[in-house]
Amino acid sequence: MNQGYQLRETVYSALFAALIAAGAFIAIPIGPVPIVLQNLFVLLAGLILGPRWGLASVGLYLLMGACGFPVFAGGTGGMGRLLGPTGGYLLGYIPAVLVTGLISERLGRTRFADAAAMVAGSLIVYGAGVPWLKFATNMAWNKAVLAGMVPFIPGDLLKITAGVFAAEIIRKVIK
Amino acid sequence: MGQLNLFTYIPSTSIAHDLDVRCKLCCLSLMSLATFRGGPVPLALITAMVAGLLIPAAIRPLTLLRELKFFFLLVAMVFISRSVTTGGEPMINLLGISATKQGIAEGALLSWKFVLVMLMGIVFARTTKPSHVKGAVQWFLRPVPFIPETRAAVMISLFLRFMPLILNQASEVSQAQQARCFHLEKNPVKRLVRLTVPLLKKTFQSADRMALAMEARSYSEKRTDPAFIRSGHEPLTLALCLLVLGLSFMV
Amino acid sequence: MRARPLIEADQLCHGYDSTGNGIRKISFQIFKGEFLLVAGKNGSGKSTLFRHLNALLMPTAGDLLVHGRSIRKDPLAARKTVGLVFQDADTQIVGETVADDIAFGPENLGLSRNEIQERVDLALDALGLSQLQERNPSSLSGGEKRRLAIAGVVAMDPEVIVLDEPFSNLDHPGTLDLIACIEKLHQTGRTIVLATHDIEKVITLATRMIILDRGSLVADDVPQALLKHLEQFGIREPCASRLGMEVQPWAS
């Protein structure tokens, strides 16, 4: 049934939005910087739901945040956070999930394609977040990169590796 | 989010509570815009208004500091960075880095703006029922093409249901693994996979059951429209917010 | 002569295979006002059967008629007549508050706001949830959640309420409250179909019992007559019956 299919996608999409939100609160203590799962779930939304429904997930997440629900890191919400110094990372999720979804859809669902899609998605998040941070704080470019990107790269590489396996397993579960 | 915090709706009958939620959302956007645009004078005005709304809520300053500590840390970073990178006459000199008078003024203003918008968000969240937010979103999305507004509203409900469910399941998964000494595992990729995969599997199964249960309850996107409650103060409030916005562009 | 049955299953089959999933050639009738107990161990096909009653699954062979009409031809009518309450309450609650969740079904039917409010109030009252109507569902106890799930179905005003394992994971007070609510629903004229592998709790309320085993219907009679045949199908016989006594109501 077509309606049943659409209902399932709707529910999945809402689920991923909630996972992205919950991901800000689920941390795994590895190394000096704890690994937060939020951006992993953004990328997985692109891989598992595809660009269209993935975009719906991220859009819903940001909408909930903008309406004041405490879904951003640290249990805060509201436009203040979205337009604040780290708002660029959050808004960067929109193009990131689109591109991740598109690449994995075009290249086929292989491990290599998934990894490439997630690398591209992560780069887009920084591409939006770091300049935003630079202009909000008036930092020099090199300092903004040093503060807003470098410390997170090892964690991102781990997350992308884990994401490849997770996407493979979850696709089998929901098909 | 499962637990109560600053952003949780608290039932009451203040002016902010009784305002039509659509008007409240408009005011929130107008005031946020005014805050980011405005100089010291409009900011002082907005601060007085926000304070007037916050004081009846009786939030202890200490609670505010504790719950927003990460946010305040960020704001402090903005302040420091602004004060040392803006050119002008030096005021304080510490370890060869000097903060300028202009920088401190500019940093303080910007930080104050961030804090104000955050406080407005808290006022909105504390005085608005989640289901009313959902209704307002549906109403505002109606003229937007390509976005089915009833589906968006249902997704908001589902989102709010899934959040606590996911956090519960995440702590269940991680506790079950700790009981089997999984925290001794050194391979970080393994640790990530072993947490995320069971969590995703479990929540996707929940989502499947949810979809089935919704179908059993005759889920349809042609649903009854949300109801809105008006207090009668809407035109006045909206006019006031527009005035403040106008002021922020002029002063 | 009895009246026409509300629900009639005729040689109903669904995806039966050698692994024992699905159901096979089930025929029975449900009449208005009955309290039908569906007994059987896990995997006997109870849930699969129930999903047909609500037209969530379509038969692969045979047919199921609701009010004399096939669910294949008119699934929506079946869904309006039969309300299905699933086992896991957490994944069928949709709303932000108790009252919002109860309104979800009536909203799907496109009823007017006034009528929805009336139905929500009735359902809150019937399930004893009036005090909790503004609460967030995730803050409710297990028993309260289960009653909320039933209220969400009651608000759609179905003639038949189908309950799949309503007592699983409930504590004793929660179970007692729930039994009282179900009894009240039955007394106020609803037809009840209830599946459980723990029949002791409701056997005195039931007017009839069917037993499913590996996807087939193996018995259909008044509950008292089937007591001695339960254990051969992996269902626990009520204690009193084992000791040769009359079974007393679980909640008095």
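Below, read A as the first sequence line, B as the second, and so on, with proteins coming before strands; counting in each chain starts at 1. Computed from a prediction, not measured in an experiment: that's the story for all the values here.
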Side chain, backbone, both or neither: which part of [X] has an atom under 4.5 Å from a heavy atom of chain B?
X        : result
A/Met79  : both
A/Leu158 : both
A/Ile26  : side chain
A/Lys143 : neither
A/Phe72  : neither
A/Leu60  : side chain

Got more than 12 heavy atoms from elsewhere within 6.0 Å of [atom1], [X]?
X        : atom1 : value
A/Arg52  : CZ    : no
B/Lys201 : NZ    : no
B/Phe36  : CZ    : yes

Go through the atoms of [X] and report whether side chain, backbone, both or neither lie under 4.5 Å from a heavy atom of chain A.
X        : result
B/Phe124 : side chain
B/Phe79  : neither
B/Leu195 : side chain
B/Thr196 : side chain
B/Val133 : side chain
B/Val84  : neither
B/Ile147 : neither
B/Ala170 : side chain

How far apart are the closest heavy atoms of [X] and [Y], and which atoms are they?
X        : Y        : answer
B/Val78  : A/Ala136 : CG1-O, 3.9 Å
A/Gly68  : B/Ala125 : O-CB, 3.5 Å
B/Leu192 : A/Ala162 : CB-CB, 3.6 Å
A/Ala21  : B/Phe159 : CB-CZ, 3.7 Å
A/Ala18  : B/Met163 : O-SD, 3.7 Å

Quick check on the interface: out of A/Ser57, A/Gly84, A/Gly23, who has the most heavy-atom pairs with chain B under 4.5 Å? A/Gly84
What's the verdict on side chain to side chain contact (heavy atoms under 4.5 Å, CB included) for A/Tyr12 and B/Asp208, showing C-alpha distance, side-chain angles and the deciding distance? CA-CA 8 Å; A/Tyr12 283 169; B/Asp208 278 339; 2.6 Å; yes
Could you go through the side chain to side chain contact (heavy atoms under 4.5 Å, CB included) check for B/Phe162 and A/Val11 one step at a time? CA-CA 10 Å; B/Phe162 280 136; A/Val11 176; 3.8 Å; yes
Any chance you could measure A/Leu37, atom CG, to B/Leu199, atom CG, to the nearest 0.5 Å?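 Separation between the atoms: 8.0 Å.
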Top of [options] for chain A proximity - count of heavy-atom pairs under 4.5 angstrom:
options                                : value
B/Leu68, B/Ile166, B/Leu110, B/Val193  : B/Ile166
B/Ser32, B/Gly107, B/Ala211, B/Ser29   : B/Ala211
B/Met214, B/Lys190, B/Arg191, B/Met210 : B/Arg191

Identified side-chain contact (heavy atoms from CB on, under 4.5 Å) counterpart of B/Leu200 within the set A/Ile169, A/Leu44, A/Leu15: A/Leu44
Has the side chain of A/Thr161 got a donor or acceptor atom that lies under 3.5 Å from a matching backbone atom of B/Val189?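 Checked: no pair found.
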State whether the side chain of B/Arg151 and the backbone N or O of A/Leu7 hold a donor-acceptor pair below 3.5 Å, judged by distance alone.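 Checked: no pair found.
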